[in-house]
Structure formats: C-alpha cells, structure tokens
Amino acid sequence: MKPRVTLATSADMPNLYSDEEGLLDYLADRDTDPRIARWDDPDVNWDEAGLVVVRSVSDYALRRSEFLQWAKSVPRILNHPDILDWNSDKHYLQVLEKYGLPVIPTTWLEPEAKLSKHRVHSRFPALQDFVVKPAVSSGLRDIGRYRAIDSTDRRNAIGHVMSLLDAGRSVMLQRYREEIDTHGEISLIFFNGLVSHAVEKKAMLHPSQVNDEGMHETLTTARDATAEEWRWGEQIRSVLHALVKDRLGRDEQFLFNRVDVVPDGKGSFLVMEASLVDAQLYLDSSEEAIRNFADAISVRAHW
C-alpha cells in the first residue's frame, strides 16, 4: 500500500505556492499517495492523513495559537510541532545569536512596555533606512522599509509601529542592509539536512512602503550553492541541530529549511531569517529543485 502524503495549505493559498505546481505528480511518481488539504478544514480526518507536510499555511501568523494547536494534534507532521512553535515567532533570532550565529542586529519593541510615540521614535536610526516588521508574520505581510532622513517616512513608521503594538504584536526594528540593493539576499534551501539549491533575490522592500498581502519576493538568479555558502550552510545547520537537541532532548531532522542570509562584507554572513514553517522553497528556480523536494518527502513517507 502506498504511503499517504498530505500537503497542508490554507484558505488564502489552498493550492500550494505557484512554484510547487507539479509537486503532486512528482510525489505520485515516487510511489506515494499525495493530496492537498487546508490545515483548518473541519472535514479532514488528520489521523488518516499519513505524512503531513506543512506548506502554504500563509494565515498562520494571524491564527498562531490555533495553528500550533492543530499541528500538535496531527499524528505525523513535518516539520516537528515544537519546531513550528519555536520558528513561528522571530524572537528565535535572539536564540540563534546566543548559539553563536551572526544575525541581523535587531531592536525589539514589546507591547507590554507601553511605549509612547516619542519613545518609539527615539529608537529609529538617525541616518540609514530601516525596516519595521512584526515578530510573528508570514511572507512580506505588514513589513515596511522607511528612510530615516525623511520626516514623512518617520511619521509613517511611528504609525506602523504603534498599530502593531496596539494590536498586541511584538515589533522588530532593523537597519536596512544596503548590500541587499547591490547583491540581493541569498537563500539557502535545505532538504533533510542537505543544501539543495541557492537563490539570489532582488531587493523586495522599497522606501516608504508597507507590503500588502499579495506581494511576493522576486528571484534574480538561481544556482548551486558556492563552496563558501556550503560552509555557511553547515555552520547554520550545526547550530539549528544543537538547538533542537537542547529543546527536544534528541536530534530531529528537518524536512525543509530555508535560511536567508546577506554577506557581511568581511567574508562571513548575517542571518536574516530561518524559515521552517511555511518557507517558500523556490522549486521552480532550477531543474532539480522540485525533484529534490519530492525525493525528500518520499524518503520520509517511506520510513
């Protein structure tokens, strides 16, 4: 009997990401019984769903508690529910830094601090562009880039921050890395612990802009990871697995993981994000990418 594989999606994106077109066929070719189901569909019996792979759950940030409760109720789900819990709040960057990874410097603004507009404003940089984002978010939703030297931008940024804080959401302030405009971000995509492929992305945030829910990142280049990026990937992988062992008391292999980095100009990198929940994996970026993901899922389904 073929092992069943259920790809979990959401009402916003019920048919997977656009780059995952054909994934069901690739899984069927690998002797599995694949299907798609919304994670919050009350008619789905998750006890009979086989291996559940979290994919385009783009609404989890707005329903985080409900989503995590669902994930913990599913008998067999990847990535592991504890990892989904940890990784669905970007405070995880603080943890990665404690474990030795270089991360984007971040100022954290918490709702319980009851910050005034003046105190929020005082935390903005004086010169460089900066980014405002909620700590719990999916994709580019509710993220904005602002010009520090523009008074209108600063007022808009204050309004953005206050609206998030008033809604009880933690806020991240990060200086915009100008290297992104020149070289783009680098995303390293891992399947079952191995680097599958790398992509370079154009700058996605423009000054004085808060992205709407329909915006997506734009690819510039898809390629194999360089030797340097392989070394970075191994450093990141070792830290993530050390963290998992500390959390779970044992190691846990991630089915998928995307890490977004930017070179620091000194031969190393800064981690911008590690995405293990609803990571877009750019499966249409190279000829082998979607096959690699189908192989990774099939291996886990047949265990």
Side-chain angles (χ1 to χ4, degrees), residues 58-68 85-181 185 203-215 217 243 259-262 264-266 269-275 277-278:
S58 57
D59 59 354
Y60 85 82
L62 302 177
R63 304 166 61 189
R64 182 169 178 256
S65 295
E66 185 182 352
F67 170 75
L68 293 175
D85 188 346
W86 172 77
N87 190 242
S88 58
D89 184 328
K90 290 183 176 61
H91 283 91
Y92 70 74
L93 289 171
Q94 296 175 326
V95 181
L96 294 182
E97 188 172 27
K98 289 178 181 177
Y99 274 73
L101 279 185
V103 303
I104 293 287
T106 302
T107 298
W108 300 87
L109 308 180
E110 305 297 349
E112 54 269 24
K114 305 295 183 184
L115 297 174
S116 66
K117 290 182 180 180
H118 175 74
R119 292 175 68 193
V120 166
H121 184 261
S122 69
R123 285 158 172 78
F124 293 167
L127 296 175
Q128 289 178 289
D129 287 11
F130 60 98
V131 176
V132 173
K133 62 177 74 172
V136 178
S137 63
S138 176
L140 298 179
R141 182 180 289 160
D142 296 327
I143 298 176
R145 172 183 167 188
Y146 299 95
R147 293 166 293 199
I149 60 174
D150 186 288
S151 60
T152 300
D153 265 23
R154 293 181 78 90
R155 283 196 300 271
N156 290 338
I158 292 171
H160 184 185
V161 171
M162 296 304 296
S163 68
L164 293 172
L165 292 175
D166 289 346
R169 303 175 73 182
S170 298
V171 177
M172 306 163 64
L173 297 181
Q174 297 173 331
R175 292 180 185 270
Y176 184 77
R177 303 293 301 192
E178 294 182 358
E179 300 96 322
I180 296 173
D181 290 333
E185 291 180 31
M204 298 167 288
L205 297 174
H206 301 285
S208 194
Q209 172 181 296
V210 177
N211 287 291
D212 63 39
E213 297 178 7
M215 292 197 64
E217 299 165 339
L243 187 153
V259 181
D260 298 335
V261 301
V262 59
D264 67 356
K266 303 174 185 177
F269 63 94
L270 293 170
V271 174
M272 299 187 69
E273 182 171 356
S275 185
V277 181
D278 63 336

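One-based numbering along the sequence shown.
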Query raised in the report: Can you tell me how far the CE atom of Met172 sits from the CD1 atom of Ile104, to the nearest 0.5 Å?
Result: 9.5 Å
Query raised in the report: Atom CZ of Phe130 and atom CG of Asp153: how far apart are they, to the nearest 0.5 Å?
Result: 7.0 Å
Requested in this report: Classify the side-chain pair Thr107/Arg123 by whether it contains a donor and acceptor separated by less than 3.5 Å.
Outcome: no
Report summary line: CG of Asp260 to CD of Glu185, rounded to nearest 0.5 Å, is 5.0 Å
Query raised in the report: With Thr106, which of Glu97, Gln174, Lys133 fulfils side-chain hydrogen bond (donor to acceptor under 3.5 Å, both in side chains)?
Result: Gln174
Query raised in the report: Would you find a donor on one side and an acceptor on the other, under 3.5 Å apart, between the side chain of Lys90 and the backbone of Ser137?
Result: yes
Query raised in the report: Rounded to the nearest 0.5 Å, how far does CG of Leu109 lie from CZ of Arg169?
Result: 13.5 Å
**Report entry** Plane angle bin for His91 and Trp108 - parallel if under 30°, tilted between 30 and 60°, otherwise perpendicular
**Finding:** parallel
Query raised in the report: For Asp85 and Arg64, what are the C-alpha separation, side-chain angles and deciding distance, and is it a side chain to side chain contact (heavy atoms under 4.5 Å, CB included)?
Result: CA-CA 9 Å; Asp85 188 346; Arg64 182 169 178 256; 3.2 Å; yes
Query raised in the report: Looking at CG of Leu127 and CZ of Arg175, how far apart are the two atoms once the value is rounded to the nearest 0.5 Å?
Result: 8.0 Å
Report summary line: The reported gap from CZ in Arg177 to CG in Asp264 (rounded to nearest 0.5 angstrom) is 7.5 Å
Report task. Just do the side-chain hydrogen bond (donor to acceptor under 3.5 Å, both in side chains) check on Thr152 and Arg155 with the steps written out, would you? Result -> CA-CA 5 Å; Thr152 300; Arg155 283 196 300 271; 3.3 Å; yes
Query - Shortest non-hydrogen contact between Met162 and Leu115, atoms and distance - result: CE-O, 3.6 Å
Requested in this report: For Gln94 and Tyr92, run side chain to side chain contact (heavy atoms under 4.5 Å, CB included): C-alpha distance rounded to whole Å, both residues' side-chain angles, the deciding distance at 0.1 Å, then the answer.
Outcome: CA-CA 5 Å; Gln94 296 175 326; Tyr92 70 74; over 6 Å; no
Requested in this report: Return yes if some donor-acceptor pair links the side-chain N/O of Arg145 with the main-chain N/O of Val131 below 3.5 Å, else return no.
Outcome: no
Query raised in the report: Going through the checks in order, is the side chain to side chain contact (heavy atoms under 4.5 Å, CB included) test met by Leu101 and Leu93?
Result: CA-CA 9 Å; Leu101 279 185; Leu93 289 171; over 6 Å; no
Query raised in the report: Do you know the tightest heavy-atom contact between Pro134 and Asp142?
Result: CD-O, 3.3 Å
Query raised in the report: Which atoms form the tightest heavy-atom contact between Pro125 and Ala148, and what is the distance?
Result: O-CB, 3.3 Å
Query raised in the report: Counting N and O atoms only, with roles assigned by atom type, does the side chain of Tyr60 sit under 3.5 Å from a partner on the main chain of Glu66, one being a donor and the other an acceptor?
Result: no
Query raised in the report: Which pair of non-hydrogen atoms, one from Ala126 and one from Ile149, has the smallest distance, and what is that distance?
Result: O-CG2, 3.9 Å
Requested in this report: Say whether Ser122 and Arg119, considering side chains only, have a donor N or O and an acceptor N or O under 3.5 Å apart.
Outcome: no
Query raised in the report: Under the side chain to side chain contact (heavy atoms under 4.5 Å, CB included) criterion, do Leu173 and Val120 qualify, and how do the steps go?
Result: CA-CA 10 Å; Leu173 297 181; Val120 166; 5.8 Å; no
Query - Nearest heavy atoms of Val171 and Leu164, plus distance in Å - result: CG2-CB, 3.6 Å
Query - Donor-acceptor contact present, side-chain Asn87 to main-chain Ala274, <3.5 Å - result: yes
